[in-house]
Amino acid sequence: MKEFDQLHPALQYHVVNSLGWSTLRPTQLAAIAPIHAGAHCLLLAPTAGGKTEAAAIPMLSRMLREEWPAASVLYICPIKALLNNLEQRLSYYAGLVGRRVEVWHGDVSQSRKQRAVKDAPDILLTTPESIEAMLISTRVDQQAWFGNLQAVIVDELHAFAADDRGWHLRSVLHRLDQYLKRPLQRVGLSATVSNPQELMAWLAPSGKREIVGSASVSTGADVTIDHVSSLENAATVIARLHRGQKRLVFCDSRSSAEQLSSMLRAHEVRTFLSHASLSASERRQAEAAFAEEKDCVIVATSTLELGIDVGDLDRVIQIDSPSTVSSFLQRMGRTGRRGDNKRNCLFLTTNDNAFLLALGITQRWSDAWVEAAVPPAKPWPIVAQQAMVAMLERGEMPTHELTAVLAGSFPELAHAQIGQLVEHMVEVEYLDRSEAIVRVGPRLEREFGRGHYRDLLASFSGSMLLTGKHGNAEVGYIDPTVLTGEQENRLILLAGRSWRVTGIEWSKKTVWLEPAKEGGKARWVGGARSLSREVCQGIRTVLAEGAPALVMLSQRAKTELQFLRDDMSISPGTHFIASRPDEATVRTWTFAGTRANRTFARNAAGTGAKVRFDALSVQAPASLLTPAHGTRLELTDDELSVFDEAIKFSSCLPRNLLAETVVGRAFEIADNRA
C-alpha cells in the first residue's frame, strides 16, 4: 500500500480537496507508517520542511482510526510564540476532521484554561512548565485530564535537549506515563542536529524507535559579513538597506534589542520588538507583524528563532553573532520560503570578538557542519527538582517508590546515587519522612512555596523582574539594577520606547511609567556565552587561511580581517600561538573553547599565578598550561561556591553530586562527561 493511502480516508480527502495538495512531501509520507505503528519517531527536515504536518497529519489519522477520546495528544514547544503561531494552523487541520486544538501556557487566561479542563481538546499545545503546573495543581483531576493521552509531539527537540529543560521535559513525560495503561508514543521534530541516533535514544530510552528524513546542512544561501563597529552604525545601515521589505533583525541580548529598536524608530523605520521581558500584548504585536506588515523591521532575541511561520519575510539581519551554527541556521531559515527568495543573512558586527565569532560560525557552516544536540552532563539539579514536584503531585509516597520514579526518569544515573540524593534532601529538610514515607519538607515550603510554587516548576532561573506599567497596560519587565542610584529624572528603554519612571512600588514589584521623548537605558542581567572547541577552531581556520569561500565580506570586513590576521600572526598548521607577553605571563591562543580554556586556567591558577581566559586564549605563565584530559578534577569549596548560584536547585544537592555537576558542565575532563 502506498504511504498516502494508509491515511484515514477523511485525511486523504481533505489533504487533496481542502488543503489543495496533490500529495505530501517525502518526509511527510515516510512518517505515516511508523506513526501509525506507534513507534517513537524523530522527524528530520530542513527549516520550513513541513515537519509539523509530518507529525500532525498521521497523528490525526491514527486518532480517527482508533477513535481516541480527548485529550489524546500533547504538542510541546519551547516558546510561547511558537505555540501561538501553531494554534491556528493545527486548529484548521484538526477541525477538518471534527477534532479540536487548545493552547495552554502562562499567557492564557485562567477562564480559558478552566473551559479546557471541563471540555478537553483532542490536541493540547503547551510547554513542559505548564504540564508541570497541571501535574501539581489541586484544580486538575490528573487521572481524568491525562488518562486518555496516547502520544506526545515535541517540536524543536534539539532546543530542549541542549539544556536542562530537556531533562525536565523527559522526566515529566515519564511521570505522565504513570497515569497511562501504556507509555506515550514520543515523536520529536528537529531540523539541525548531527547526532540523530543519540537524540532519538535520549528522547525515548526504551521501545521501538525510528528516524525519518534527513537534516543535512545546506550551504546554498547568500551570507554577508559587514563590520560596522557600533550599534548606532548598524541602525544606520538597516535604515538605508532594503526599504520596502520585511526584515527580521536578531540581537543576542535584550538590551541591544531595545537600543536598536529605539535607534531605528529615530530613523523613522516602522519597527516592532520581541523579547522575553516584554508583556504578552507587546510580543503579540511583533508576531502579528509577520503576517500583516510588509515594509518594516522586527527586532528580536531568540524568542523568534524557532519554527515560527514568517511567511513572506525578505531578509534576516544578525547583529554581532549567535554562538552556535545551529542558531545561525534556524535564524537564516526564516528566509527563503518563497520560490523567488533565496535564504540569506547579513551579519553586522560591532566589535572584534563578534566579528571573529561570525567568521567562525560561517566557516563551520561552509563545511556543512552543525553541532550535536547533547544534553547537559550530570542532571542532578533536575533530579532534585523532580523529587520535590513529585511530592507536590502525589502528596506522599514510600522512599523506595520515589527513588524508583526518579530512576525511571533518569536511567543514565546510578540508582545508588539517586538514593543518596533523596536521603540528603530529607536530611536538609527539603523532604520530610516518617515511617519510610516521604512528603513535602519545611524547607521546600519556605523557599519555593510562594506563588503556588511557580519558581519550582521551571528548570531555569531568572532574575527578579519588576512589571513596568503605563496606566493599566503592562509594557514589559524591568531589571531592578536599572533603577539603582539617586536620579531625579530616571529614563529607561522598554519595548523600544523611552519612558520616565514616575513611581516604584517595591511591595507589588511594579514600576509606573510615562512616555518620554528620548533617552533612557536598558539592562538585564545575563550570563556570558560559552563557545565550543569546533567554533573556535573555525575562527582559527579563518585567521590562518582567510574568509570562507561561501561568505561575502564587505570592504570594511576585509580590512578588519587583514588587520587581525597581521596582528595575531597565525600560520597554517600551528595549534598553540603565544603572543603579547606581559611580564611573567603570556597570552596563548589555544582556540580550544570555553570549557577547555577554563580547565587550563584552573590548573594554572592553582599555582597562585595571575590567570585570565576566554574561549580563544589563556593568559598565564606558558609553563603552567597543561591539559587535564583523562584526569579527575577536585574542586575546593571556594571554587564550588563560584558556580553554585548559576545552578538552580544546587542547595538541594550533596557536595559530591554538586561537584560532579559543576565539573561535568564547566570543565573539559574526560572522566566527568555524562
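Remember, it's a predicted structure, so these values are computed and weren't measured experimentally.
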Open item on the list: Looking at R433 and E423, is any side-chain nitrogen of the basic one under 4.0 Å from a carboxylate oxygen of the acidic one?
Closed with: yes

- [ ] List the steps, then state whether side chain to side chain contact (heavy atoms under 4.5 Å, CB included) holds for T661 with I647.
- [x] CA-CA 9 Å; T661 304; I647 297 177; 4.0 Å; yes

TODO: Please answer whether the main-chain N or O of T126 pairs with a side-chain N or O of S130 as donor and acceptor at a distance below 3.5 Å.
DONE: no

Open item on the list: If the threshold is 4.0 Å, N to carboxylate O, is there a salt bridge linking D163 and R665?
Closed with: no

TODO: Please answer whether the main-chain N or O of A300 pairs with a side-chain N or O of H275 as donor and acceptor at a distance below 3.5 Å.
DONE: no

Task: Trace of the side chain to side chain contact (heavy atoms under 4.5 Å, CB included) decision for L658 with W380 - done: CA-CA 8 Å; L658 176 59; W380 291 114; over 6 Å; no

Open item on the list: Using a strict threshold of under 4.0 Å (side-chain N to carboxylate O), is an ion pair present between R443 and D432?
Closed with: no

Task: Distance, nearest 0.5 Å, that separates CG of L199 from OG of S194 - done: 10.0 Å

Open item on the list: Less than 4.0 angstrom from a charged side-chain N to a carboxylate O is my criterion; do R655 and D637 meet it?
Closed with: yes

- [ ] Work out which heavy atom in C77 is nearest to a heavy atom in T127; give both atom names and the distance.
- [x] O-CG2, 3.7 Å

Open item on the list: Please tell me whether F649 and F448 form a close aromatic pair, meaning their ring centres lie under 6.0 Å apart.
Closed with: yes

- [ ] Say whether E132 and H168, considering side chains only, have a donor N or O and an acceptor N or O under 3.5 Å apart.
- [x] yes

Task: Over 12 non-hydrogen atoms of neighbours within 6.0 angstrom of CZ in R454 - done: no

Open item on the list: Please check: side-chain N/O of R364 versus main-chain N/O of V370, any donor-acceptor pairing under 3.5 Å?
Closed with: no

- [ ] Could you point out which residue of E412, Q385, Q386 forms a side-chain contact (heavy atoms from CB on, under 4.5 Å) with W167?
- [x] E412

Open item on the list: Can you give me the closest heavy-atom contact between Q417 and L657, atom names plus distance?
Closed with: NE2-CD2, 3.5 Å

Task: pair R612-V618: side-chain heavy atoms closer than 4.5 Å - done: no

Task: Interatomic spacing from CE in M425 to CD in Q420 - rounded to 0.5 Å - done: 12.5 Å

TODO: Using a 4.5 Å cut-off on heavy atoms from C-beta on, say whether the side chain of L402 contacts that of L431.
DONE: yes

Task: Atom pair OG1 (T349) and CG (L356), whose distance is rounded to the nearest 0.5 Å - done: 9.0 Å

Task: Evaluation steps, salt bridge (Lys or Arg N to Asp or Glu O under 4.0 Å), between D455 and K648 - done: CA-CA 10 Å; D455 195 43; K648 193 172 183 181; 3.2 Å; yes

- [ ] Using atom types as modelled and distance alone, determine if a side-chain donor or acceptor of Q142 lies under 3.5 Å from a backbone N or O of L135.
- [x] yes

Open item on the list: Nearest 0.5 Å, please: how far is OG1 in T403 from CE in M397?
Closed with: 9.5 Å

Open item on the list: Has T588 got a side-chain atom pairing as donor or acceptor with T590's backbone, closer than 3.5 angstrom?
Closed with: no

Open item on the list: Using every non-hydrogen atom in the two residues, find where S190 and L42 come nearest and quote the distance to one decimal.
Closed with: CB-CD1, 4.3 Å

- [ ] Can you measure from CG (L413) to CD1 (I382) and round to the nearest 0.5 angstrom?
- [x] 11.5 Å

Open item on the list: Would R331 pass as a cation-pi partner of F250, given that its NZ or CZ must be under 6.0 Å from the six-membered ring centre and within 45 degrees of the axis?
Closed with: yes

Open item on the list: Working to the nearest 0.5 angstrom, can you tell me the gap between D177 CG and L184 CG?
Closed with: 5.0 Å

TODO: Decide yes or no on side chain to side chain donor-acceptor pair (under 3.5 Å) for E371 and H158, but give the supporting numbers first.
DONE: CA-CA 10 Å; E371 291 84 3; H158 60 281; over 6 Å; no

TODO: Side-chain contact test, heavy atoms from C-beta onward, threshold under 4.5 Å: evaluate it for F160 versus D155 and give yes or no.
DONE: no

Task: E156 side chain vs V154 backbone, donor-acceptor pair below 3.5 Å - done: no

Task: Least distance between heavy atoms, E445 atom then V440 atom - done: CG-CG1, 3.6 Å

Open item on the list: Taking the side chain as everything from C-beta on, heavy atoms only, tell me whether L531 gets closer than 4.5 Å to F591.
Closed with: no

Task: Test item: V662 and L640 side chains (from C-beta on) under 4.5 Å apart, heavy atoms - done: yes

Task: Q318 side chain vs C251 backbone, donor-acceptor pair below 3.5 Å - done: no

Open item on the list: Donor-acceptor pair, distance only, cut-off 3.5 Å: does the side chain of T541 make one with the backbone of Q537?
Closed with: yes

- [ ] Could you please spell out the steps behind the side chain to side chain donor-acceptor pair (under 3.5 Å) verdict for R439 and S434?
- [x] CA-CA 9 Å; R439 56 187 64 84; S434 61; 3.0 Å; yes

- [ ] Please step through side chain to side chain contact (heavy atoms under 4.5 Å, CB included) for the pair S256 and L231, ending with a clear verdict.
- [x] CA-CA 8 Å; S256 60; L231 198 59; 4.3 Å; yes

Task: Stepwise side chain to side chain contact (heavy atoms under 4.5 Å, CB included) check, W369 with V325 - done: CA-CA 8 Å; W369 179 90; V325 177; 3.7 Å; yes

Task: Any side-chain heavy-atom pair of T510 and I504 under 4.5 Å - done: no

Task: Modelled atom types, side-chain donor and acceptor of T350 and D320, under 3.5 Å - done: yes

TODO: Mind listing the closest non-hydrogen atom pair of C652 and L421 along with its distance?
DONE: O-CD1, 3.6 Å

Task: Any donor-acceptor N/O pair, Q363 side chain to V542 backbone, under 3.5 Å - done: no

Open item on the list: If the threshold is 4.0 Å, N to carboxylate O, is there a salt bridge linking R394 and E401?
Closed with: yes

Task: Side-chain ion pair, E668 and R598, N-O less than 4.0 Å - done: no

TODO: Could you tell me whether the side chain of S651 reaches within less than 4.5 Å of the side chain of Y430, counting heavy atoms only?
DONE: yes

TODO: Before accepting this row, confirm whether a basic side-chain N of the pair R175/E393 lies closer than 4.0 Å to the acidic partner's carboxylate O.
DONE: yes

Task: Under 3.5 Å: donor-acceptor pair, side chain of R186, backbone of L203 - done: yes

- [ ] Could you check if a side-chain atom of F347 sits within less than 4.5 angstrom of a side-chain atom of L359, using non-hydrogen atoms only?
- [x] no

Open item on the list: Tell me the closest heavy-atom pair linking V535 and S323, and the distance in Å.
Closed with: CG2-O, 4.1 Å

